[in-house]
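What follows is a single structure, written as structure tokens, with notes after it.
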Protein chains: 2
Amino acid sequence: MSSQNIPTRDRILKSTWQLLEVGNGNAVRMSDIAKAAKISRQALYLHFPNRADLLTATTRYLDEVHDIDAKLVKSRSAASGTERLEAWVETWGNYIPTIFGVAKALMAMQETDDEAAAAWNDRILAIRDGCEKAVQALKADGKLTDNMSEEEATDLLLTLLSVRNWEQLRITCNWTQDRYIDMMQQLTAQALVKSE
Amino acid sequence: MSSQNIPTRDRILKSTWQLLEVGNGNAVRMSDIAKAAKISRQALYLHFPNRADLLTATTRYLDEVHDIDAKLVKSRSAASGTERLEAWVETWGNYIPTIFGVAKALMAMQETDDEAAAAWNDRILAIRDGCEKAVQALKADGKLTDNMSEEEATDLLLTLLSVRNWEQLRITCNWTQDRYIDMMQQLTAQALVKSE
DNA sequence: CTCTAACTTTACATGGTGTCAAGTTGACAT
DNA sequence: ATGTCAACTTGACACCATGTAAAGTTAGAG
């Protein structure tokens with residue numbers, strides 16, 4: 001097994017991600033992860049103090065593996081505000097499937113665990129930042145609708161692009177990923193771009 | 001205390017609702033409910049076999065108390081498709097705050113408990129029906145956008161009007177209820193009504 | 001050969017749900 | 001007055017997941 005050579009920590013993170021990925025974020029226990037990583041449940045706690053920490057480390061791991069920063073930089077190079085909004089929706093929307101499992105597990109923990117709540121909040125802030133930048137680009141072009149303030153526009157964009165909405169359309173309603181992206185691009189443009 | 005005279009079952013349902021309401025659906029235990037209803041934790045199980053059943057009974061109780069059916073009938077009497085969409089968004093959107101606590105608790109249970117998942121799904125189907133009717137009214141008027149099928153339009157409307165989106169805007173982003181309704185009416189109209 | 005870091009095994013505390021069984025209480029019928 | 005029944009109480013316990021604690025194993029580096 002080549003997986004035996006990978007450092008334990010990485011093997012744990014990879015296993016965590018895979019289990020959450022195939023199970024769509026449902027009910028993955030510490031013991032399941034340990035089994036998948038071929039170590040004892042207790043050894044997990046030698047690497048991560050608790051479940052919340054393991055999950056947040058997994059999101060960081062995914063960000064690294066997929067070099068999300070590079071993709072974000074690319075989406076920021078769009079010429080006009082409308083193109084930038086489109087690019088942002090596409091970039092983030094296409095990243096959701098990757099992190100969905102871990103995100104769902106973190107969201108579920110959030111209700112009861114303060115640490116998990118803080119961790120998830122942190123990630124949301126990063127996404128909100130992307131939304132805000134897109135709104136600002138629109139505003140700079142004089143293309144932001146007069147129906148709302150920049151802050152409201154950011155709130156709305158963040159809400160439309162939520163992981164839950166992706167889950168609803170992509171998983172529950174069985175839309176294709178392309179259809180989801182397409183629809184979100186339309187929807188956000190209609191909502192935020194001034195019509196003339 | 002007048003509450004001593006109310007039949008136990010009703011007192012339980014009322015307590016459940018109140019606890020979930022004030023706590024925004026967070027972490028209400030069976031023992032908390034028992035204490036609030038002034039009975040022992042075990043007596044709860046004489047009235048409801050488990051937590052999922054208690055929660056679903058609470059939603060039905062709320063539907064009854066607020067006579068939601070009557071409100072829905074009213075929203076269906078709108079003349080045009082666009083008016084009907086507007087009325088539906090307003091009716092449902094204004095009902096969300098009432099059921100939010102219970103809904104959140106039920107959604108949280110859904111991840112692990114099959115019975116809770118089925119119960120919540122049942123409720124969603126009822127709401128989906130409202131969305132579908134609104135879309136059909138739009139279609140009948142020839143006002144449904146050509147961008148999507150009736151089914152897709154229903155999926156989208158259901159997603160936009162989700163409890164999670166309400167929570168995001170109303171609680172997390174601190175929007176007023178009026179602003180929420182207003183924005184949702186705009187958003188759904190832009191997305192679903194044919195522009196000419 | 002020894003020390004140490006990474007791991008294993010076993011055991012146990014905690015906190016919530018749900019089950020079980022034996023007792024209490026008050027109203028109502030006979 | 002007595003028995004019965006339903007609604008409740010009390011106390012104990014099984015289950016399951018997280019997290020803690022402690023003692024033992026093992027492989028590699030000095």
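Below, chains carry the letters A, B, ... as their sequence lines are ordered, and counting in each starts from 1. The structure presented is a predicted model; accordingly, all values stated were derived computationally and were not measured.
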Using whole Å, what does the distance between atom P of nucleotide C:dT19 and atom CZ of B:Phe48 come to? 15 Å

Ignoring the backbone of A:Leu46, work out which of D:dC8, C:dC7, D:dA12 is nearest its side chain. C:dC7

Using whole Å, what does the distance between atom P of nucleotide C:dA5 and atom CD1 of A:Ile39 come to? 18 Å

Does A:His47 have a side-chain nitrogen or oxygen under 4.0 Å from the phosphate oxygens OP1 or OP2 of C:dC7? yes

D:dT20 base to A:Gln42 side chain: any donor-acceptor pair below 3.5 Å? yes

Can a side-chain donor-acceptor contact be found between B:Thr145 and B:Asn147 if the only test is distance below 3.5 angstrom? yes

The side chain of A:Thr8 lies closest to which of these nucleotides: D:dT18, D:dT10, C:dA6? C:dA6

From C-beta outward on B:Ser40, which listed nucleotide comes closest to its side chain: C:dT17, D:dT10, D:dT18? D:dT10

Quick test of your reading of the model: are B:Asp63 and B:Arg60 salt-bridged, counting only N-O distances below 4.0 Å? no

Starting at NZ of A:Lys38 and ending at C1' of C:dT9, how long is that distance when rounded to a whole Å? 20 Å

Of the nucleotides D:dT9, C:dT10, C:dG16, which has the atom closest to the B:Ala43 side chain? D:dT9

Once you round it to whole Å, what is the distance between C1' of C:dT14 and CZ of B:Arg29? 13 Å

Whole Å only: how far is the CD1 atom of B:Ile33 from the P atom of C:dG18? 11 Å

Nucleotide C:dG18, atom C1' - distance to CE of B:Met109 in whole Å: 11 Å

Compare the minimum distances between each of C:dT17, D:dT10, D:dT18 and the side chain of B:Tyr45, then state the nucleotide with the smallest one. C:dT17

note: A:Leu44, atom CG; C:dA6, atom C1'; distance rounded to Å ~ 14 Å

Are more than 12 heavy atoms, taken from residues, nucleotides or ligands other than B:Glu64, located less than 6.0 Å from that residue's CD atom? no

Measuring centre to centre across the rings, with the benzene-like ring taken for any Trp, is B:Trp166 within less than 6.0 Å of B:Phe100? yes

Taking the side chain of B:Asn50 as heavy atoms from C-beta outward, which of C:dG18, D:dC8, C:dT8 is closest to it? C:dG18

We want to know whether A:Asn94 and A:Tyr180 form a side-chain donor-acceptor pair, criterion being a heavy-atom distance below 3.5 angstrom. no

B:Leu54 CG to C:dT17 C1': how many Å, rounded? 13 Å

So what does B:Arg41 touch, heavy atoms closer than 4.0 Å: a base, only the sugar-phosphate, or nothing? base

